[in-house]
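First up is the structure itself, then whatever we jot down about it.
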Amino acid sequence: MNSIIDKPHLIFLPAIPIILLIGFLSGDSILDFNIADTYYVIASNDLSKFLAMLFAIMGLGYWIIKRVNGTLSVRLNWFHIGLTFGGTIIALILSQFYRENIMEFEFNNGLTLIISLVILITILGQIIFPINIIYGILNKKNH
């Protein structure tokens, strides 16, 4: 586990083919959600490509910092990995609880709010990535 925290690229880069495979296997499925009477519709395949690109950028960023002997913050690594993967997994699990019955509309509204908050926290947590990269560049090891 320490190697993942010391070398975060070891979790981001291998996740890319998994994300792409999930998107490919999802076929023509879509992700739709309602916020303030507006429906947002995203194809699962497009979402997986977007996430794979983001993970590639993050993985390569962390890998480059390690290659130039930069020192990343262990605490920031924990927060970034936890928010990125934890938030994604929690949002995916919560999305499975949607109810199809029209009489349970209020339940789905509450669930949408919770999922939206989890995704917002996950997105805001991505601010940690550039902060950690800058920290790694400024605290270069002298070998």
Side-chain angles (χ1 to χ4, degrees), residues 1-100 104-143:
M1 188 72 170
N2 281 341
S3 66
I4 291 175
I5 298 304
D6 293 336
K7 301 174 184 175
H9 63 277
L10 293 178
I11 193 166
F12 284 102
L13 294 178
I16 294 169
I18 297 169
I19 292 169
L20 290 173
L21 182 64
I22 291 170
F24 177 73
L25 294 176
S26 66
D28 292 336
S29 67
I30 57 170
L31 172 70
D32 61 337
F33 53 97
N34 177 10
I35 298 178
D37 294 333
T38 303
Y39 279 94
Y40 297 94
V41 180
I42 303 169
S44 296
N45 195 15
D46 292 339
L47 182 61
S48 69
K49 289 175 189 174
F50 177 72
L51 288 175
M53 285 190 302
L54 286 178
F55 276 40
I57 291 168
M58 288 185 268
L60 288 174
Y62 281 132
W63 180 76
I64 289 169
I65 292 299
K66 280 301 187 182
R67 293 294 291 177
V68 297
N69 293 324
T71 305
L72 296 168
S73 168
V74 173
R75 189 170 291 146
L76 290 177
N77 286 350
W78 268 107
F79 283 124
H80 185 238
I81 292 169
L83 286 173
T84 301
F85 287 96
T88 304
I89 291 169
I90 289 171
L92 288 173
I93 290 171
L94 288 176
S95 69
Q96 300 304 312
F97 290 107
Y98 272 106
R99 297 184 181 165
E100 299 295 324
E104 297 176 12
F105 183 71
E106 286 185 28
F107 176 82
N108 284 347
N109 276 345
L111 190 59
T112 300
L113 175 65
I114 293 170
I115 292 171
S116 298
L117 289 174
V118 168
I119 292 172
L120 178 66
I121 291 169
T122 302
I123 291 170
L124 289 176
Q126 300 314 303
I127 295 171
I128 296 171
F129 173 69
I131 292 170
N132 202 7
I133 294 296
I134 293 168
Y135 177 85
I137 292 170
L138 295 178
N139 290 322
K140 241 177 133 173
K141 293 179 193 171
N142 294 322
H143 283 3

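The figures here come from the full heavy-atom set of this structure, side chains too, leaving out hydrogens, waters and symmetry mates.
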message = As an exercise, state the distance from CG of Leu51 to CD1 of Ile18, rounded to the nearest 0.5 Å.
response = 13.0 Å
task = Taking all heavy atoms of Leu83 and all of Gly125, pick out the closest pair and write down the distance.
result = CD1-CA, 3.6 Å
message = Can you tell me how far apart OG1 (Thr122) and CD1 (Ile90) are? Round to the nearest 0.5 Å.
response = 7.5 Å
Leu20 side chain reached by Phe24 side chain, heavy atoms, under 4.5 Å = no
query = How close do Ser48 and Gly23 get, heavy atom to heavy atom, and via which atoms?
reply = OG-CA, 3.3 Å
inquiry  = Do Phe55 and Thr84 have side chains that approach each other closer than 4.5 Å (heavy atoms only, starting at C-beta)?
reply    = yes
note = Nearest heavy-atom contact between Ile119 and Ala91 is CG1-CB, 4.1 Å
ask   = For the residue pair His80 and Tyr62, what are the closest heavy atoms and their distance?
value = ND1-OH, 2.9 Å
ask   = CD1/Ile65 to CD1/Ile134 distance, rounded to the nearest 0.5 angstrom?
value = 9.5 Å
Donor-acceptor contact present, side-chain Ser73 to main-chain Leu76, <3.5 Å = yes
key: Considering all heavy atoms, the nearest Pro14-His9 contact   = CD-O, 3.6 Å
task = Hey, could you give me the CD1/CZ distance between Ile19 and Phe12, rounded to the nearest 0.5 Å?
result = 9.5 Å
